[in-house]
Amino acid sequence: MGMRQAGREDALTTGVVVTDVEGGRERGADVVRDQLLDVLFREHYPTLLRLAVVMLGDRGAAEDAVQDAFVSLHRHWKRLRDHDAAAAYLRTAVLNRCRSWVRREVVRRAARPLRVLPDPPPDPEDAALAHERAGSVVAQMRTLPARQRDVLACRFVLELSVEETAQLLEIGEGTVKAHTHRGLRALQKRIEVAP
């Protein structure tokens, strides 16, 4: 392994400023931060996007939430005490952005005036697509109470343990188990009832 490769690996594991012996120039903390963020992005983006899609049911909003979390991590990198906690920071940031988006949507929808005229009858093709979407697990998860949805997303989308889920959501392990049980039971009933 050459000196340049050894320096790169050292920078990725320790976060220390490294001297590029071949080029004779010092690589700053910004370069190391960018390399670490690149690794985090490649490793965690797909999982975080799945989490956000489950939470929001809207891929565009989910992509925005995940992107905002990475931008926030980039901005606040120097404040992060433990760079090993960056993945946990991203999960928390995505969950918080999803919750904020849901709150904004509730307020936005509540502010709309009531419709006096009934909706026109649906096109049969649109009705079939709507029925298919309503039967999906993601659509059913979105109907669960927020805490159950958060717990199920952490447990089954992020594949976190009970302990990790409790830490991420800042709740007790018993609460995680209870919400997991209730959420799965509710999902099972809703999926069984769906024609």
Side-chain angles (χ1 to χ4, degrees), residues 43-73 87-195:
E43 287 180 6
H44 297 285
Y45 180 82
T47 304
L48 293 171
L49 182 60
R50 279 194 310 272
L51 170 68
V53 167
V54 167
M55 298 293 294
L56 303 176
D58 180 324
R59 185 172 176 93
E63 289 171 346
D64 289 345
V66 175
Q67 179 180 352
D68 288 348
F70 275 98
V71 168
S72 176
L73 179 60
Y89 174 93
L90 287 168
R91 284 191 299 267
T92 301
V94 169
L95 279 172
N96 288 339
R97 279 159 178 75
C98 290
R99 290 176 183 144
S100 294
W101 187 87
V102 169
R103 282 191 296 269
R104 281 192 307 273
E105 282 297 299
V106 167
V107 169
R108 186 181 66 81
R109 288 180 182 161
R112 285 191 215 156
L114 294 175
R115 290 181 65 142
V116 178
L117 300 173
D119 287 333
D123 180 349
E125 201 171 7
D126 291 341
L129 287 173
H131 179 69
E132 185 177 300
R133 267 186 248 123
S136 75
V137 174
V138 171
Q140 295 300 328
M141 272 187 72
R142 293 200 21 81
T143 65
L144 294 174
R147 184 59 76 187
Q148 289 177 12
R149 187 175 59 239
D150 291 352
V151 168
L152 290 179
C154 288
R155 295 283 289 127
F156 300 107
V157 175
L158 291 177
E159 298 177 356
L160 298 177
S161 68
V162 171
E163 181 182 348
E164 292 167 329
T165 301
Q167 289 174 351
L168 179 62
L169 298 176
E170 298 176 351
I171 57 177
E173 290 182 25
T175 304
V176 170
K177 291 175 184 177
H179 283 300
T180 301
H181 177 74
R182 290 181 195 136
L184 288 175
R185 192 175 63 215
L187 276 178
Q188 183 180 14
K189 286 180 183 177
R190 290 174 182 165
I191 291 171
E192 287 175 357
V193 170

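Side-chain atoms of Thr175 and His179, non-hydrogen and from C-beta on, do get closer than 4.5 Å to each other. Side-chain contact between Lys177 and Thr180 is absent, with no heavy atoms from C-beta onward closer than 4.5 Å. Taking the side chain as every heavy atom from C-beta outward, Thr47 and Glu159 never approach each other to under 4.5 Å.
The two residues Ala69 and Tyr89 have their closest heavy-atom pair at O-CE2, 4.3 Å. In this structure, Met55 and Ala153 approach most closely via the heavy-atom pair SD-CB, 3.8 Å. The shortest non-hydrogen separation linking Ala52 to Val66 is CB-CG2, 4.1 Å.
Judged by distance alone, with hydrogens and angles left aside, the side-chain atoms of Arg155 form a donor-acceptor pair with the main-chain N or O of Leu160 at under 3.5 Å.
A salt bridge links Glu63 with Arg59: the distance from a Lys NZ or Arg NE/NH1/NH2 to an Asp or Glu carboxylate oxygen falls below 4.0 Å. Using a 4.0 Å cut-off between a side-chain N of Lys or Arg and a carboxylate O of Asp or Glu, Arg97 and Asp64 do not qualify as a salt bridge.
Between the OG1 atom of Thr165 and the CZ atom of Phe156 there is a distance of 9.0 Å, given to the nearest 0.5 Å. For the atom pair Gln167 CD and Cys154 SG, the distance stands at 11.5 Å (nearest 0.5 Å). To the nearest 0.5 Å, the span separating CD on Gln148 from NE2 on His181 amounts to 10.5 Å. The distance from atom CG of Leu90 to atom CG of Leu48, rounded to the nearest 0.5 Å, is 6.0 Å. For the atom pair Leu144 CG and Leu184 CG, the distance stands at 9.0 Å (nearest 0.5 Å).
Counting only residues at least two apart or on different chains, the ring-ring contact (aromatic ring centres under 6.0 Å, His included) pairs with a member in residues 43-73 are Phe41-Tyr45, Phe41-Phe70.
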**Prompt:** When you look at Arg147 and Ile171, which way does the side-chain contact (heavy atoms from CB on, under 4.5 Å) test go after all the steps?
**Reply:** CA-CA 10 Å; Arg147 184 59 76 187; Ile171 57 177; 3.8 Å; yes

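In this structure, a donor-acceptor pair under 3.5 Å is present between the side chains of Ser100 and Arg103.
Val157 pairs in a side-chain contact (heavy atoms from CB on, under 4.5 Å) with only one of the listed residues (Leu49, Leu152, Leu51, Val53), which is Leu51.
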